[in-house]
Amino acid sequence: MYVIIMGGGRVGLNLASSLIKAGFDVTLIEKDPKLCNNAASELDALVICGNGTDIKILEEANVGDADAFVAGTGNDEANLLACILVKGYNPKKIIARISDPSHADAFKKVGIDATVSPELSAASYLEKLIIRPKIADMIILGRGNAELLDIPIENKKAIGKKISDLSPTKDYIICAVYKSPDYEILMPESNMILEDGDRISILIKTQHIKEVVKIFLK
């Protein structure tokens, strides 16, 4: 799979590095010479020093062969223009970073497949650390409508219960159990007993997180 990333800052560089490690073919476009040189020294990929809103630069990156294009700069206007230009080459997926969430509608109106806001994601994660300090957020699934959480068993109402007494329901399912003291991962079985000090990995619909977490936490 061939991916073009516009933007060689922290977001673009980290994404490119991850995709390369996963075996993707990547080209990075960056207009700042210093960031360009830095990316070229760190990545095993083609790095083009130029403006991703320039058709010539996009064609130099073989945009017509791209499976995905990511506009990852910190400039929403530049990201939007690049996405509009790239759309004419019909890649399978176009993704844009947005710094100002109020701009999301503009990207949707021109048919951009997905927008992401690292700034909002970071703020959301910090909020969860404050509001739910006992929970380790592992991953957000789907379109943000489900989360896989790591939760300690503390509620007396859950301690001593069998897995089958608590899971699955229409709102959540226990996916793994970590037995103290070694916390070796165990696949949940219907007759397995939850004990004080155990931890579980649990997949929960986002809208039901608060009520489900109360079942297991004090």
Side-chain angles (χ1 to χ4, degrees), residues 1-108 110-130 136-144 147-148:
M1 189 171 181
Y2 177 45
V3 180
I4 298 174
I5 300 171
M6 183 180 84
R10 175 180 52 83
V11 173
L13 196 62
N14 288 339
L15 175 61
S17 180
S18 296
L19 291 176
I20 291 166
K21 287 178 182 177
F24 288 74
D25 292 325
V26 175
T27 291
L28 184 82
I29 301 172
E30 171 55 54
K31 67 178 182 179
D32 185 304
K34 289 184 180 179
L35 291 178
C36 230
N37 290 334
N38 180 54
S41 65
E42 290 194 23
L43 301 176
D44 182 17
L46 174 63
V47 177
I48 298 175
C49 196
N51 195 327
T53 61
D54 185 333
I55 288 289
K56 291 181 180 179
I57 294 296
L58 291 172
E59 291 186 344
E60 184 180 341
N62 294 317
V63 66
D65 297 328
D67 295 292
F69 177 84
V70 180
T73 78
N75 185 311
D76 289 0
E77 290 76 14
N79 288 345
L80 180 61
L81 177 55
C83 288
I84 292 171
L85 294 174
V86 169
K87 195 167 176 60
Y89 294 87
N90 297 314
K92 293 177 183 175
K93 187 173 285 288
I94 300 176
I95 301 170
R97 170 189 176 184
I98 55 172
S99 297
D100 185 343
S102 68
H103 293 163
D105 285 344
F107 285 83
K108 289 179 182 177
V110 297
I112 305 309
D113 296 303
T115 57
V116 295
S117 175
E119 290 78 8
L120 278 183
S121 298
S124 175
Y125 183 68
L126 289 172
E127 178 188 0
K128 287 175 182 176
L129 288 178
I130 295 168
D137 286 350
M138 297 172 66
I139 190 168
I140 297 174
L141 302 174
R143 296 182 177 178
E147 292 187 33
L148 186 63

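These values consider heavy atoms only, across backbone and side chains, with no hydrogens, waters or symmetry-generated copies.
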Visitor: Could you give me the CA-CA distance, side-chain angles and deciding distance for Glu42 and Leu13, then say whether side chain to side chain contact (heavy atoms under 4.5 Å, CB included) is met?
Guide: CA-CA 9 Å; Glu42 290 194 23; Leu13 196 62; 3.6 Å; yes
Visitor: Has Thr73 got a side-chain atom pairing as donor or acceptor with Gly7's backbone, closer than 3.5 angstrom?
Guide: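 Answer holds: no.
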Visitor: Determine whether the side chains of Asp100 and Ser102 contain a donor N or O and an acceptor N or O closer than 3.5 Å.
Guide: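 Result is yes, a qualifying pair exists.
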Visitor: To the nearest 0.5 angstrom, please state how far the OG1 atom of Thr53 sits from the CG atom of Leu80.
Guide: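 The OG1 atom of Thr53 sits 11.5 Å away from the CG atom of Leu80.
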Visitor: Would you mind reporting whether Phe69 and Ile112 have side-chain heavy atoms less than 4.5 Å apart?
Guide: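 Ile112 does not reach Phe69 side chain to side chain.
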Visitor: How far apart are the C-alpha atoms of Val116 and Val11, what are their side-chain angles, what is the distance that settles it, and do they pass the side chain to side chain contact (heavy atoms under 4.5 Å, CB included) test?
Guide: CA-CA 11 Å; Val116 295; Val11 173; over 6 Å; no
Visitor: Identify the heavy atoms of Ser99 and Gly74 that sit nearest to each other, and give their distance.
Guide: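 Heavy atoms of Ser99 and Gly74 come nearest at OG-O, 3.3 Å.
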Visitor: If you round to the nearest 0.5 Å, how far is CD of Glu59 from CG of Asp54?
Guide: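 It is 9.5 Å, given to the nearest 0.5 Å.
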Visitor: With the side chain counted from C-beta on, respond yes when Val86 and Ile4 share a heavy-atom pair under 4.5 Å apart, and no when they do not.
Guide: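 Not in contact.
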Visitor: Enter the distance from Leu81:CG to Met6:CE here, rounded to the nearest 0.5 Å.
Guide: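 Rounded to the nearest 0.5 Å, the CG-CE separation comes to 8.0 Å.
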Visitor: Side chains of Leu58 and Ile29, heavy atoms from C-beta outward: is any pair under 4.5 Å?
Guide: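 Yes, their side chains come closer than 4.5 Å.
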Visitor: Considering all heavy atoms of both residues, which atom of Tyr89 and which atom of Ile55 are nearest to each other, and what is their separation?
Guide: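 Here Tyr89 and Ile55 meet closest at OH-CG2, 3.7 Å.
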Visitor: Looking only at heavy atoms, which two atoms of Ile95 and Lys93 are closest? And how far apart?
Guide: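 Result for this residue pair: CD1-CD, 3.6 Å.
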Visitor: Give a yes or no answer on whether the side chain of Asn62 reaches the backbone of Asp65 with a donor-acceptor pair at less than 3.5 Å.
Guide: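 Not confirmed, Asn62 side chain does not pair with Asp65 backbone.
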Visitor: Between Cys49 and Pro33, what is the shortest heavy-atom contact and its length?
Guide: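 Closest pair (atom of Cys49, atom of Pro33, distance): SG-CA, 3.9 Å.
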Visitor: Does a side-chain heavy-atom distance below 4.5 Å link Leu28 with Leu43?
Guide: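 Yes. Closest side-chain heavy atoms under 4.5 Å.
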Visitor: Between Asn51 (side chain) and Lys31 (backbone), is there a donor-acceptor pair under 3.5 Å?
Guide: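 No, because the side chain of Asn51 does not come within donor-acceptor range (under 3.5 Å) of the backbone of Lys31.
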Visitor: Quick one: closest heavy-atom pair of Ala68 and Met1, and the distance?
Guide: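 It is CB-CE, 4.2 Å.
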Visitor: If you look at every heavy atom in Asn79 and Arg97, which pair is closest and at what distance?
Guide: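 It is ND2-O, 2.9 Å.
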Visitor: Rounded to the nearest 0.5 Å, how far apart are CD1 of Ile48 and CD1 of Ile5?
Guide: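 With rounding to 0.5 Å, CD1 (Ile48) is 12.5 Å from CD1 (Ile5).
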Visitor: Has the side chain of Asp67 got a donor or acceptor atom that lies under 3.5 Å from a matching backbone atom of Tyr2?
Guide: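 The answer is yes, because a donor-acceptor pair under 3.5 Å joins these two groups.
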